[in-house]
Protein chains: 2
Amino acid sequence: MLKEERQQLIINEVDLHNRVLLTDLAEKLDVSVDTVRRDVKELDAGSKLRKVHGGAVSLGYTHTAARSSNIYALNEKMAIAEKAVSMLKEGAVIFIDGGTTCLEMARMIPPKLKLTCFTFSLPVALQLAGMPHVDLIFIGGRISPESMISNGAYTIQRLAEVRFDYAFLGTGYVDALHGLTEFDWDVVQLKKAVIRASKKAVLLCISEKLNSQHRFKTCDIHEINTMITELSPENNLLNLFRNQDLRLM
Amino acid sequence: MLKEERQQLIINEVDLHNRVLLTDLAEKLDVSVDTVRRDVKELDAGSKLRKVHGGAVSLGYTHTAARSSNIYALNEKMAIAEKAVSMLKEGAVIFIDGGTTCLEMARMIPPKLKLTCFTFSLPVALQLAGMPHVDLIFIGGRISPESMISNGAYTIQRLAEVRFDYAFLGTGYVDALHGLTEFDWDVVQLKKAVIRASKKAVLLCISEKLNSQHRFKTCDIHEINTMITELSPENNLLNLFRNQDLRLM
DNA sequence: TCGACACTTGCAGTTTTTTGCAAGAAAAAG
DNA sequence: CTTTTTCTTGCAAAAAACTGCAAGTGTCGA
């Protein structure tokens, strides 16, 4: 077998599976691991793939890692945000949760729309503060450094004093059977308070989170009025969420 | 499983759920917690996520605001901030006002110093939220878009419920005779409330503002305990402020 | 055809990387 | 303040990578 031919096969294999082990390649091509190693090293030098300890990965594969400098799954989140913004009516009193999806939504609020927005997320507040027609009220309290939101008993008390037309919420995990869950107990208490304070709760959630769960439960699915994903409402992935007194969007 | 592959999965999980525990990752990936810890540490070093005690959080949340390039008289403000920071003692409960000088001060807080900080300024809060040893409490309310601080009756009420060891304040205008004055009546009410809530008030003020005044009065000079300018305390420009029961710094 | 030469391939020994474990330190929780 | 969890550090075993070397292969010109 020619070296050239072998290297082409290696590239094919890598592109096909995104990642391969050197030992697998050696077995498949019936050459020694050293040979494969040398081939992979050359291909790496020629930018045909990326060599890593124990194997090789395709360039596209690692490229997704570079994207994380921005926001994960930004396109999906923008699609969700667009749908969410379309629900907004002039003069509404709404709440916007923290999290990147909700931040995207805040960004997309039409500049001319008059709104009263509550939030406890610093990034969301910063975004909304620049909008002249938005009346922005920050719900204070102890700021949790990881999520940049206020949280704790004080914040929950403040939430008991208000009532929103709509609350736009994110969640860590969501499952048709187990509802909305989080791994953080404090966050659950906070989200419960938000849901109590809102006439209608709208969940913004990318489809990748569907059917995942964690230890602490925020609420059941039927306590949510509308669930927005980046998918079409007819998508099969949403089947489990039908007939739950839930509007899909 | 390749290390590369594993790290990619960790990034996905973190970006997806915003926050994950090391132990959960270890279980999911079927490796020891130590390995996950090392991976997360590497990814943190590569700015793919942020490591926190017991887990990792996504960067989407926590991009700390870079200093906007052109702050007026930055060097002077940094000199003031440095003096202000030198007053801080371990465990103190302080308030930090909005404004660029106070923001500079927030930036300069030593990373290891344990503090409880109150503020109603979004930029200051964002700055402080990145400091692990600072217990940060945001005083909520309606956000005034020009200054990015909460203001109004609600905020003033909240201020009535707390008591600071030190309040670090800015002011629009200051004069030995007329005291601290502002252009904006609402701001005056707010600053009054801050001074009432603090045992000691520290004024941060560049010398350029000395001997200027405006319509609405916050307080007299003697209600301030310490005044910090970028000048040496012996400087002649400060002569009018001596013998006012005021410490110059 | 022969031999010089460059290139490739596999092997063995050494070095580096990865991984899990354990003990003490540090940090969070109660 | 005490208990529990997490972090750090050093260590050792295993896996992988690198290095030098020798054997094999093919090319080219005399």
Side-chain angles (χ1 to χ4, degrees), chain A residues 1-11 13-14 19-46 49-57 62 142-147 151-153 182-189 214-216, chain B residues 1-11 13-14 19-46 48-57 90-91 110-116 129-137:
Chain A
M1 183 184 292
L2 293 177
K3 184 180 163 191
E4 185 87 4
E5 189 184 355
R6 199 179 51 234
Q7 295 196 348
Q8 190 55 52
L9 283 170
I10 291 176
I11 292 175
E13 200 68 11
V14 169
R19 60 128 210 166
V20 286
L21 301 180
L22 296 192
T23 51
D24 286 353
L25 282 175
E27 194 178 341
K28 188 154 198 158
L29 303 171
D30 199 28
V31 293
S32 79
V33 180
D34 300 72
T35 303
V36 174
R37 203 191 311 286
R38 272 184 279 242
D39 282 341
V40 166
K41 202 180 199 173
E42 280 179 34
L43 293 169
D44 183 328
L49 47 72
R50 204 155 83 71
K51 185 180 182 317
V52 299
H53 193 95
V57 294
T62 53
R142 168 166 284 121
I143 302 285
S144 133
E146 307 98 42
S147 49
N151 196 345
E182 301 281 343
F183 91 177
D184 193 330
W185 192 80
D186 292 328
V187 171
V188 163
Q189 304 314 311
H214 218 278
R215 351 187 129 74
F216 302 115
Chain B
M1 181 185 294
L2 294 174
K3 183 180 158 191
E4 190 77 16
E5 192 183 356
R6 200 181 50 232
Q7 295 195 348
Q8 186 58 50
L9 285 169
I10 291 175
I11 292 174
E13 202 66 13
V14 169
R19 185 177 173 185
V20 289
L21 297 178
L22 297 190
T23 49
D24 285 352
L25 283 174
E27 194 178 341
K28 188 153 196 156
L29 303 171
D30 198 29
V31 292
S32 78
V33 181
D34 300 73
T35 303
V36 173
R37 203 193 309 288
R38 272 183 280 239
D39 281 340
V40 166
K41 201 187 260 177
E42 277 180 37
L43 293 170
D44 184 330
K48 300 288 175 22
L49 47 72
R50 201 176 122 219
K51 186 179 182 319
V52 297
H53 194 93
V57 294
E90 180 93 3
K112 295 187 320 181
L113 191 64
K114 287 199 181 189
L115 282 178
T116 302
M131 303 188 171
H133 288 89
V134 169
D135 203 3
L136 171 62
I137 293 132

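Only a predicted model underlies this, so the values are computations on that prediction, with no experimental measurement involved. Chain letters run A, B, ... following the sequence lines, proteins first and then strands; every chain starts at 1.
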Checklist entry - Are any of the side-chain nitrogens in Arg215(A) or Asp24(B) under 4.0 Å away from the carboxylate oxygens of its partner? => result yes
Checklist entry - Base, sugar-phosphate, or nothing: which does Val40(B) touch, judged by heavy atoms less than 4.0 Å apart? => result nothing
Checklist outcome for this item: Its contact letters, B for base, S for sugar-phosphate only and - for none at protein heavy atoms under 4.0 Å, make nucleotides 21-30 of chain C read BB----SS--
Checklist entry - For Arg38(B), which residues count as a side chain to side chain contact (heavy atoms under 4.5 Å, CB included) partner, sequence neighbours excluded? => result Asp34(B)
Checklist entry - Leu49(A): what forms a side chain to side chain contact (heavy atoms under 4.5 Å, CB included) with it, not counting sequence neighbours? => result Ile10(A), Val14(A), Val40(A), Leu43(A), Asp44(A), Ala56(A)
Checklist entry - With Val187(A), which residues qualify under side chain to side chain contact (heavy atoms under 4.5 Å, CB included), at least two apart? => result Asn151(A), Glu182(A), Asp184(A), Lys191(A)
Checklist outcome for this item: By salt bridge (Lys or Arg N to Asp or Glu O under 4.0 Å), Lys41(A) pairs with (sequence neighbours left out) none
Checklist entry - Over how many whole Å does the gap from Lys41(A) atom NZ to dA16(D) atom C1' extend? => result 12 Å
Item to check | Spacing of Gln7(B) atom CD relative to dT19(C) atom P, expressed in whole Å | outcome: 9 Å
Next on the checklist: So, using salt bridge (Lys or Arg N to Asp or Glu O under 4.0 Å) as the criterion, who are the partners of Lys51(B) when residues are at least two apart?
Outcome noted: none
Checklist entry - Rounding to a whole Å, what distance do you find between Asp39(B):CG and dT17(C):C1'? => result 13 Å
Next on the checklist: Using whole Å, what does the distance between atom P of nucleotide dT9(C) and atom CG of Leu29(A) come to?
Outcome noted: 11 Å
Enumerate all atom pairs, one protein N or O and one N or O from nucleotides 5-8 of chain C, separated by less than 3.5 Å.
{"from": "dT8(C)", "atom 1": "OP1", "to": "Lys3(A)", "atom 2": "NZ", "distance (Å)": "3.0"}

Checklist entry - Atom CG of Leu25(B) and atom P of dT19(C): how far apart are they, to the nearest Å? => result 14 Å
Next on the checklist: My understanding is that only residues two or more places apart in sequence, or in another chain, count here; which of them pass side chain to side chain contact (heavy atoms under 4.5 Å, CB included) with Gln189(A)?
Outcome noted: Ile156(A), Trp185(A), Lys192(A)
Checklist entry - Quick one: salt bridge (Lys or Arg N to Asp or Glu O under 4.0 Å) partners of Glu42(B), sequence neighbours excluded? => result Lys3(B)
Checklist entry - When we call it a touch if two heavy atoms are under 4.0 Å apart, what does Val33(B) touch: a base, just sugar-phosphate, or nothing? => result nothing
Next on the checklist: Rounded to whole Å, how long is the line connecting atom CG of Asp44(A) with atom P of dC18(D)?
Outcome noted: 10 Å
Next on the checklist: I'd like to know if Glu4(B) pairs up with Arg19(A) as an ion pair, taking the criterion as any Lys NZ or Arg NE/NH1/NH2 lying under 4.0 Å from an Asp or Glu carboxylate oxygen.
Outcome noted: no
